[in-house]
Amino acid sequence: MRISYIIPDGQYGFFEDIVPILCDSGICVEINTITTDSDIVLAGILPVTHTWIDAISRSGKPFILWHWDLFSFVDLGSPRWRGFLEMLPNALDIWSCSYETARQLMEARGLYSYVMPAWVQREIPVKFRSEDYVMYAASCASLGKRVDWAETACRLLKLPLRLTHGQKLSRVEYVRQLSACRVYLMTAFEESNGSIPAMEAASYGKPVVLADIPSNREVFGETEGVFYFKSWDFGD
């Protein structure tokens, strides 16, 4: 079997970790290319799916969508999601990254999805010395990310904030910054999988502060070093 696997180039160690597992199972995996020999397309994360919608449609290949975003099927009027919404009912399978995402997808669109959660592992076994900065890896400044809360809270508490777009750093530098931070903060209310950066920070033993939403609770539970604040409560 030959899978065309669509993932962000060189930025997400998690997605690349799956490749050797598939290969060990006797599956041929081609990264970010769809050929006439491809049996199926697996689109591994929504942002990259956007740029591949036309190519996937033109290929005529059956495809699996690995669904990550809570808002993608709620904000039905947004052009950003239109192509993805059209693809969803035509997918051979849909995978959701948490039970909360699957529940909301069924409630909003009436579509069943398998739950295929994310996982992370330490890429660098030696810890860096902690530095006195709070880190938040946010892909954008949308309302659901609440980057403004992170900036305001750190300013009021006189804590240095390192706000970064993880995909714009080299993987090595991103992991270095993440493993050296004093605290990892995630103020987002739109995450559907506990956020891979937050999971990565926790894997390095960093305290993690995040919104008390069902998907975060599902992933982290009562893990030591994970602290929740009341959703939409800046004071908390």
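Small disclaimer: the values here were computed from a predicted structure and weren't measured.
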Inset, instruction - Tell me, with the steps shown, if Leu105 and Leu88 meet side-chain contact (heavy atoms from CB on, under 4.5 Å). - result: CA-CA 10 Å; Leu105 180 60; Leu88 272 173; 4.2 Å; yes
Inset, instruction - Determine the minimum heavy-atom distance between Val29 and Ile31, stating which atoms define it. - result: CG1-CD1, 3.9 Å
Legend entry - Separation between CG of Asp54 and OG of Ser59, rounded to the nearest 0.5 Å: 11.0 Å
Inset, instruction - Look only at the side chain of Asp39 and the backbone of Met1, and say whether a donor-acceptor pair between them is shorter than 3.5 Å. - result: no
Inset, instruction - Scan for salt bridge (charged side-chain N to carboxylate O under 4.0 Å, His left out) pairs involving residues 210-227, sequence neighbours excluded, and state none if there are none. - result: Asp212-Arg217, Arg217-Glu222
Legend entry - Charged N-O contact under 4.0 Å between Glu107 and Arg103: yes
Inset, instruction - Mind listing the closest non-hydrogen atom pair of Met199 and Trp119 along with its distance? - result: CE-CA, 3.9 Å
Inset, instruction - For the residue pair Ser195 and Leu210, establish whether any side-chain heavy-atom pair is separated by less than 4.5 Å. - result: no
Inset, instruction - Apply side-chain contact (heavy atoms from CB on, under 4.5 Å) to the pair Asp236 and Tyr228, showing each step before the final yes or no. - result: CA-CA 9 Å; Asp236 193 54; Tyr228 300 96; over 6 Å; no
Inset, instruction - List the atom of Lys206, the atom of Ala180, and the distance in Å for their closest heavy-atom pair. - result: NZ-C, 4.1 Å
Inset, instruction - Mind listing the closest non-hydrogen atom pair of Tyr174 and Glu200 along with its distance? - result: OH-OE1, 2.7 Å
Inset, instruction - Verify, without hydrogens or angle tests, whether Thr187 (side chain) and Arg146 (backbone) share a donor-acceptor contact under 3.5 angstrom. - result: yes
Legend entry - More than 12 heavy atoms of other groups within 6.0 Å of Tyr114 OH: no
Inset, instruction - Please check if atom OH in Tyr99 has more than 12 non-hydrogen atoms from other residues, nucleotides or ligands closer than 6.0 Å. - result: no
Inset, instruction - To the nearest 0.5 angstrom, please state how far the CD1 atom of Ile3 sits from the CD1 atom of Ile34. - result: 12.5 Å
Legend entry - Pairwise distance CG(Leu42) to CD1(Ile27) - rounded to 0.5 angstrom: 10.0 Å
Inset, instruction - Verify, without hydrogens or angle tests, whether Lys61 (side chain) and Ser38 (backbone) share a donor-acceptor contact under 3.5 angstrom. - result: yes
Inset, instruction - Give, for atom OG of Ser179 and atom OH of Tyr184, the distance between the pair rounded to the nearest 0.5 Å. - result: 13.5 Å
Inset, instruction - Please report the closest heavy-atom contact between Ala118 and Asn193, naming both atoms and the distance. - result: CB-ND2, 4.4 Å
Inset, instruction - Would you check if Phe234 and Thr152 make a side-chain contact, meaning some heavy-atom pair closer than 4.5 Å? - result: yes
Inset, instruction - Walk me through it: do Leu161 and Tyr133 pass the test side-chain contact (heavy atoms from CB on, under 4.5 Å)? - result: CA-CA 6 Å; Leu161 172 65; Tyr133 63 85; over 6 Å; no
Legend entry - Contact check, side chains of Met186 and Tyr136, non-hydrogen atoms, under 4.5 Å: yes
Inset, instruction - Would you kindly confirm whether Ile21 and Val115 end up in one hydrophobic cluster when ILVMFWY residues are joined by side chain heavy atoms under 4.5 Å apart? - result: no
Legend entry - Within-4.5 Å side-chain heavy-atom neighbours: Asn90 and Phe63: yes
Legend entry - Approximate separation, where rounding is to 0.5 Å, of His67 NE2 and Leu111 CG: 9.5 Å
Inset, instruction - With rounding to the nearest 0.5 Å, note down the distance linking CD1 in Ile7 to CD1 in Ile18. - result: 8.5 Å
Inset, instruction - Please report the C-alpha distance between Phe189 and Trp149 in whole Å, then the side-chain angles of each, then the deciding distance to 0.1 Å, and finally whether the ring-ring contact (aromatic ring centres under 6.0 Å, His included) criterion is met. - result: CA-CA 12 Å; Phe189 303 135; Trp149 279 24; 5.6 Å; yes
Legend entry - Closest contact, heavy atoms only, Pro62 versus Ile40: O-CG1, 3.3 Å
